[in-house]
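Starting from 1, each residue takes its place in the sequence as its number. Bear in mind the structure is a predicted one, so any value in this text is a computation, not a measurement.
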Amino acid sequence: MKNFKIKTNLILLAGSATLISACATQTAPQTSSMYNNLQSADMIVTNAKVAVMDKKRTISEAIAVKDGKVLRTGSNDEILRLKDGHTQVIDGHGRTLIPGLNDSHLHITRGGRFYNSELRWDGVTSLKEALRMLKEQAQRTPKGQWVRVVGGWSPYQFEEKRMPTIEEINEATGDTPAFVLYLYSRGWLNKAGLKALNIDRNTQPPNNESRYEKDANGDPTGVLLAEPNAMILYLVIGKMPALTEAEMINSSQQFNHELNRFGLTSAIDAGGGGHSFPDDYEASKALATSGDSSLRISYYLFPQKAGEEKQAFEKWMANNQASVNEDIAHDHGYELKGGGEYMTWAAGDFENFLAEKPLIENNKGWRESTKEIIQMHVDKGWPFRQHSTYGENTKLIVDLVDEIDRENNHKIRDKMRWAIDHGETINDETLREIKRLNGGISVQDRMAYAGEYFVERYGAQEAKTTPPIKKIYDMGIPLGSGTDGTRVASYNPWISLYWMTTGKTVGGMQLYDKDNLLDRDDALEVYTSGSAWFSNEEDVKGTLEPGKYADFALLSDDYFTVPEEKIKTIESVLTVVDGNIVYGAGEYNKLNPQLPPVIPSWSPVKYYGGYQNLHKPAAK
């Protein structure tokens with residue numbers, strides 16, 4: 001990335017149209033202008049459908065960028081007056097241009113750490129193809145390494161509409177250890193994987209809420225079941241060999257670029273199990289401190305051990321300051337924000353719709369321990385968020401926040417940012433309390449990947465408002481959207497936008513009626529300025545108004561008008577962060593930054609890439 005930025009600067013200084021793809025850009029002639037140099041643009045995109053996403057929902061033809069911020073939007077003629085001999089002028093070819101997408105709940109630092117080691121089934125349309133990929137990857141994976149498919153898919157995305165069997169996985173992978181994860185519900189270890197981890201008939205699960213499936217002889221089949229506690233799955237992932245430091249930095253850079261592919265320019269990291277701060281964040285930090293990150297990242301800290309949350313937060317708060325930017329290239333580029341998505345493990349509920357719902361009231365001491373941790377955040381002034389899936393649990397958590405707020409002279413309500421993550425079955429009373437306490441709600445498209453199982457267990461009627469997206473939006477509660485990628489859903493933001501606007505799963509099941517859908521403008525608002533609220537950045541990004549960050553994406557298809565099924569296949573053809581091009585495809589392919597080769601050489605990313613989209617953007 002750094003090398004590309006240097007190269008781009010040389011191009012702009014030279015002012016030579018021959019150095020930039022003629023079909024995509026043009027350099028302004030050296031002519032005088034009525035505007036002085038301070039008003040001249042660094043970059044202009046013309047002939048586009050620019051969705052400013054301001055309150056008036058303004059649509060413009062062109063946009064001008066100066067010093068990493070939006071200078072102005074307007075007609076082609078108006079904006080071209082801002083060019084001079086150093087302005088990079090890009091023809092938008094009639095494409096739609098939107099503010100950069102912002103995932104308000106993405107496990108981006110963990111996802112980047114593992115990306116190069118994982119085979120992604122995201123977007124694969126048949127189980128036959130998924131198993132073919134698994135077999136090929138097993139054949140190239142060296143001794144001592146594993147084949148791993150760690151979430152991001154649903155059996156209902158496949159033509160076959162079913163999960164793989166352990167027999168199919170064993171046949172595909174042979175003697176290469178392999179692990180396949182479906183959300184945080186179940187996993188499949190092949191025979192070689194069971195042997196590598198020394199799992200046999202005498203091996204006990206880590207708790208009473210998970211189990212190893214056994215055959216008629218009492219031997220493990222290789223199927224691991226979270227019922228609903230996912231620790232049995234976390235432990236397997238944690239025992240697989242890690243990438244080297246250099247490979248993790250490369251992996252994080254490749255993953256960020258993959259997110260840029262879909263128009264993502266910002267993300268809020270939600271920590272995650274098996275991902276310890278600060279050690280496991282080093283790859284993402286290395287990109288930020290070297291100026292090589294292509295995203296703005298805010299991150300929250302997630303305690304790793306149940307019962308040791310207080311010690312973790314005491315250490316973090318003593319040694320770290322919130323909202324300090326460590327990215328040398330971007331404002332708000334890499335910042336610690338606060339604590340979450342868990343305050344405590346006892347207050348969390350696993351979202352496994354294949355198992356009975358867990359009730360946190362049954363977790364001994366959950367209230368006292370969680371109150372202590374939230375109070376630490378109030379004392380320090382750190383924002384906080386708590387994962388909560390089921391309405392019964394969300395009510396208890398919000399009641400606790402209310403109690404702490406009253407004991408602290410309403411500091412939470414009046415001076416702090418706090419949020420509930422997920423909220424699938426949150427009820428109206430709890431929504432009113434969150435609004436009164438000035439909290440926010442971050443929703444993700446987990447139902448798009450597990451909705452069929454929710455309906456099977458709880459019924460279609462219950463699913464109609466799971467979560468009540470439209471009601472949250474209409475009540476004016478700060479609402480952000482995201483994916484919860486990379487495990488319980490794919491990281492592709494367009495699946496989330498599809499889900500919010502159609503109410504469908506990736507398998508096509510209609511979950512919601514029209515009264516729980518957002519229109520496309522409102523859904524995009526939630527995914528841009530809405531998500532910016534959760535990092536306290538709504539005043540600097542999320543729209544393309546003058547002075548806001550020049551973070552935007554030029555799209556492969558017109559999000560506002562394409563048939564709804566095509567929303568799922570939208571990609572960016574040009575992604576810009578801080579006024580710099582970080583991704584190019586189609587007619588802008590020559591502007592795509594040249595990343596270092598994927599390492600290690602056997603990485604699935606080298607052979608398959610990430611999300612599998614059969615509809616690649618075509619050049620205009």
Open item on the list: Could you tell me if N116 and N250 have a donor-acceptor pair between their side chains, going purely by distance under 3.5 Å?
Closed with: yes
Open item on the list: Closer than 4.0 angstrom, basic N to acidic O: yes or no for K337 and E335?
Closed with: yes
TODO: Measure from the ring center of W345 to the ring center of F302 and say whether it is less than 6.0 Å.
DONE: yes
Open item on the list: A side-chain contact here means heavy atoms from C-beta on lying under 4.5 Å apart; do I412 and L437 qualify?
Closed with: no
Open item on the list: Could you check whether any side-chain N or O of S251 sits under 3.5 Å from a backbone N or O of Y115, counting only pairs where one atom can act as donor and the other as acceptor?
Closed with: yes
Open item on the list: Tell me whether E403 is salt-bridged to K371, with the criterion being a basic N under 4.0 Å from an acidic carboxylate O.
Closed with: yes
Open item on the list: Please tell me whether H105 and D421 have a donor and an acceptor in their side chains that are separated by less than 3.5 angstrom.
Closed with: yes
Open item on the list: Quick check: Y182 with W153 (ring centres under 6.0 Å apart)?
Closed with: yes
Task: Within 45° cone of Y334 ring axis and under 6.0 Å: R296 NZ or CZ - done: no
Open item on the list: Is it true that D269 and H107 share a donor-acceptor pair across their side chains at a distance under 3.5 Å?
Closed with: no
Task: Ion pair R120/D122, N-O distance below 4.0 Å - done: yes
TODO: Check each of S496, S481, P493 against D445 using the side-chain contact (heavy atoms from CB on, under 4.5 Å) test, and report the only one that passes.
DONE: S496
- [ ] Decide if the gap between the ring center of H377 and the ring center of F313 is smaller than 6.0 angstrom.
- [x] yes
Open item on the list: Side chains of K541 and S266 only: does a donor on one sit below 3.5 Å from an acceptor on the other?
Closed with: yes
Open item on the list: I'd like to know if R261 pairs up with E571 as an ion pair, taking the criterion as any Lys NZ or Arg NE/NH1/NH2 lying under 4.0 Å from an Asp or Glu carboxylate oxygen.
Closed with: yes
Task: Side-chain H-bond candidate by donor/acceptor type, N102 with E537, under 3.5 Å - done: no
Task: S388 versus Q386, side-chain donor and acceptor atoms under 3.5 Å - done: no
Task: Side-chain donor-acceptor contact under 3.5 Å, N229 with S210 - done: no
TODO: Report yes or no: do D349 and T389 form a side-chain donor-acceptor pair below 3.5 Å?
DONE: yes
Which side-chain N or O atoms in residues 270-278 pair as donor and acceptor under 3.5 Å with protein atoms at least two apart or in another chain?
{"from": "H275", "atom 1": "ND1", "to": "R113", "atom 2": "NH1", "distance (Å)": "2.9"}
{"from": "H275", "atom 1": "NE2", "to": "T109", "atom 2": "OG1", "distance (Å)": "2.8"}
{"from": "H275", "atom 1": "NE2", "to": "R110", "atom 2": "N", "distance (Å)": "3.4"}

Open item on the list: Ring centres under 6.0 Å, that's the criterion: do F114 and F255 meet it?
Closed with: no
Task: Option passing side-chain contact (heavy atoms from CB on, under 4.5 Å) with L101 (candidates L497, D551, T575) - done: L497
Open item on the list: Quick one about S442 and Q444 (side-chain donor to acceptor, distance below 3.5 Å, no hydrogens or angles considered), yes or no?
Closed with: yes
Task: Residues which pass ring-ring contact (aromatic ring centres under 6.0 Å, His included) with F353, listed by chain and number, not counting sequence neighbours - done: F454
Open item on the list: Quiz question: by atom type and distance under 3.5 Å, do the side chains of Y184 and R487 form a donor-acceptor pair?
Closed with: yes
Task: R413 side chain to N438 side chain, donor-acceptor N/O pair below 3.5 angstrom - done: no
